[in-house]
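These notes concern the structure reproduced below.
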Amino acid sequence: MAYEKRVCVLRQVKRGFTADGSALSGAVYCERLGKELTVTVRLAGLAPIREGRYVLVLGVGGKTYCFDLDGGDVLKINDAPPLGDGFNVLLCYLRQEASPVAFGNCGLASSDFLPLLNALCKRDEKKKKQAPMPVPPVELPPTGPNVPQAPFIPDPAVPEEEPPAERACFRERANAYDDEAIADADYFLSQDDRNASAASKNQDEKREESGGDDSDEDDETLHPFARTKGSLTYYKEIRKDLEKAFRTRPGDTRLLSVFPQSEWVKANGALLGIIYENGTPRYLCVATEKDGDPPKEIKDRCTFVPSSPFSDELGFYIVFQDADTGEYVTVNNA
């Protein structure tokens with residue numbers, strides 16, 4: 001009985017599906033004994049989800065197979081094609097639409113994951129179309145030449161019930177005179193308070209008419225690093241170099257306690273990091289661990305960030321760059 005085994009390494013396609021913010025990695029093992037194919041999935045750090053589900057799409061021998069990963073990490077396929085030409089695998093998050101998470105291929109299998117993604121979308125649409133129609137709770141009696149129809153007898157008219165005395169009492173109270181309900185202004189407010197209230201009301205009406213929201217302006221006064229979201233112009237210019245560095249260099253988790261929505265890698269004795277806001281890059285950072293004074297190269301641009309709230313001796317000197325403009329952002333520690 002023939003035995004074949006192939007291994008495929010998965011690489012991250014889209015961020016945001018790991019518990020600690022690091023890059024997602026894993027491997028898929030395919031073992032074919034006779035015509036039975038066993039697929040074993042090994043993923044490191046895949047974040048749990050409350051809604052939707054993870055789906056694995058396997059392409060082998062010109063055929064496509066889809067599996068839900070909620071049932072376990074070992075999958076079985078009967079009458080599977082041989083593994084001689086390799087295979088490719090796509091991990092997706094499926095809720096309302098399918099989002100690619102990680103992809104890998106081995107052997108002569110295609111390095112493009114779009115055919116696997118399209119196959120998953122077609123299968124999902126087909127399932128939605130084949131959803132069974134709900135059965136009515138009460139079926140009508142069969143009609144035919146041998147089943148007589150029962151005569152229709154209308155229900156006798158029921159006189160409208162007189163309202164109880166309590167309801168009438170409540171209705172009289174609702175129609176009673178209420179001085180507070182018809183008052184146009186608060187008698188106890190001074191003229192200055194009334195003018196301030198009217199000015200605030202006019203400002204709210206103008207904001208509603210313009211469709212604006214000044215919450216961002218308030219945030220800028222609360223946070224020293226806050227600024228209006230832009231088009232990520234600077235980030236897009238260096239995106240290829242950043243992705244290569246985060247793909248090839250070892251990760252570091254020491255600053256995740258200070259910046260939960262961030263990721264960091266080691267680079268030439270320092271740390272290279274990206275701080276996100278709602279999944280979008282906000283700041284590009286270079287950090288060096290505190291060991292005396294900051295290096296001369298970053299002395300005028302860095303900010304000291306303690307790694308523990310109980311000590312100012314341990315921490316990092318960090319340089320923050322705006323992901324939109326590339327400008328350096330500093331904080332006055334005085």
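Side-chain atoms are counted along with the backbone in the values below, which use heavy atoms only and exclude waters and symmetry mates. This one's a predicted model, so the numbers in the text were calculated from it and none came from an experiment. The first residue in the sequence is number 1, and the count goes up from there.
- With sequence neighbours left out, Gln261 forms a side-chain hydrogen bond (donor to acceptor under 3.5 Å, both in side chains) with no residue at all.
- The shortest side-chain heavy-atom distance between Val329 and Thr303 does not fall under the 4.5 Å cut-off.
- Residues Val39 and Leu58 form a side-chain contact, since some pair of their non-hydrogen atoms from C-beta on lies under 4.5 Å apart.
- Shown here for Leu91 and Leu69, the closest heavy-atom pair between the two residues is CD1-CD1, 3.5 Å.
- Under the side-chain hydrogen bond (donor to acceptor under 3.5 Å, both in side chains) criterion, Glu327 pairs with no residue at all, not counting sequence neighbours.
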I'd like a table of donor-acceptor pairs (distance under 3.5 Å, sequence neighbours excluded) in which one partner is a side-chain atom from residues 40-49, with atom names and distances.
none

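- Note that the CD atom of Gln12 and the NZ atom of Lys14 stand 11.0 Å from one another [nearest 0.5 Å].
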(request) Starting from the C-alpha separation in whole Å, work towards a yes-or-no answer on side chain to side chain contact (heavy atoms under 4.5 Å, CB included) for Phe316 and Leu271. (result) CA-CA 10 Å; Phe316 292 82; Leu271 299 182; 3.8 Å; yes

(request) Determine, step by step, whether Trp264 and Thr253 satisfy the side chain to side chain contact (heavy atoms under 4.5 Å, CB included) criterion, reporting the C-alpha distance in whole Å, the side-chain angles of both residues, the deciding distance to 0.1 Å, and the verdict. (result) CA-CA 7 Å; Trp264 304 84; Thr253 60; over 6 Å; no

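- Under the 3.5 Å distance criterion, the side-chain polar atoms of Ser262 are matched with a main-chain donor or acceptor of Phe259.
- For the atom pair Leu83 CG and Leu37 CG, the distance stands at 5.5 Å (nearest 0.5 Å).
- Rounded to the nearest 0.5 Å, atoms OG1 (Thr280) and CD1 (Ile274) are 12.0 Å apart.
- For residues 27-37, every residue pair satisfying the salt bridge (Lys or Arg N to Asp or Glu O under 4.0 Å) rule, not counting sequence neighbours, is listed here: Glu4-Arg32.
- Inter-residue side-chain proximity for Leu33 and Thr38 is flagged as unmet; no heavy-atom pair is nearer than 4.5 Å.
- Every residue meeting the side-chain contact (heavy atoms from CB on, under 4.5 Å) condition with Arg53, not counting sequence neighbours, appears here in chain and number order: Val55, Asp68, Leu94, Arg123, Asp124.
- Rounding to the nearest 0.5 angstrom, the gap separating the CG atom in Leu90 from the CG atom in Leu120 is 7.5 Å.
- Within the model, atoms NZ of Lys240 and CG of Leu242 stand 13.0 Å from one another, a figure rounded to the nearest 0.5 Å.
- Looking at every heavy atom in both residues, Val265 comes nearest to Ala245 through CG2-O, 4.3 Å.
- One finds the CZ atom of Arg247 at 8.0 Å from the NZ atom of Lys244 (value rounded to the nearest 0.5 Å).
- Residues satisfying the ring pair (Phe, Tyr, Trp, His ring centres under 6.0 Å) criterion with Tyr317, sequence neighbours excluded, are Phe304.
- In this structure, Arg11 has no side-chain contact (heavy atoms from CB on, under 4.5 Å) partners at least two apart in sequence or on a different chain.
- Contact annotation: the side chain of Tyr54 never approaches that of Cys92 to less than 4.5 Å [non-hydrogen atoms, C-beta and beyond].
- The ring pair (Phe, Tyr, Trp, His ring centres under 6.0 Å) check on Tyr65 picks up nothing, with sequence neighbours excluded.
- One hydrophobic cluster, built from ILVMFWY side chains closer than 4.5 Å, holds both Leu56 and Ile77.
- Looking only at side-chain heavy atoms (C-beta outward), Phe67 and Val57 stay at 4.5 Å or farther from each other.
- Nearest heavy atom pair, residue Leu272 against residue Ala267, reads CB-CB, 4.4 Å.
- Here the side chains of Leu10 and Leu24 are not in contact, with every heavy-atom distance at 4.5 Å or above.
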(request) Apply side chain to side chain contact (heavy atoms under 4.5 Å, CB included) to the pair Gln321 and Ile238, showing each step before the final yes or no. (result) CA-CA 12 Å; Gln321 271 188 288; Ile238 62 173; 6.0 Å; no

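- Between Ala323 and Pro281, the closest heavy-atom pair is CB-O, 3.7 Å.
- For residues 15-24, the side chain to side chain donor-acceptor pair (under 3.5 Å) pairs, not counting sequence neighbours, are Arg15-Glu263, Arg15-Tyr276, Asp20-Ser22.
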Can you give each donor-acceptor pair under 3.5 Å made by side-chain atoms of residues 98-119, sequence neighbours left out, with the distance rounded to 0.1 Å?
residue, atom, partner, partner atom, Å
Asn105, ND2, Ala109, O, 3.2
Ser110, OG, Asp112, N, 3.2
Asp112, OD1, Leu114, N, 3.2
Asn118, ND2, Leu114, O, 3.2

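- By the ring pair (Phe, Tyr, Trp, His ring centres under 6.0 Å) test, Tyr234 pairs with no residue at all, sequence neighbours left out.
- Taking the six-membered ring where the residue is Trp, Phe17 and Tyr93 present tilted rings, their angle falling between 30° and 60°.
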Distance-only donor-acceptor pairs under 3.5 Å for side chains of residues 284-302, two or more places apart:
residue, atom, partner, partner atom, Å
Glu289, OE1, Arg254, NH1, 3.1
Lys290, NZ, Asp312, O, 3.3
Arg301, NH1, Tyr328, OH, 3.1

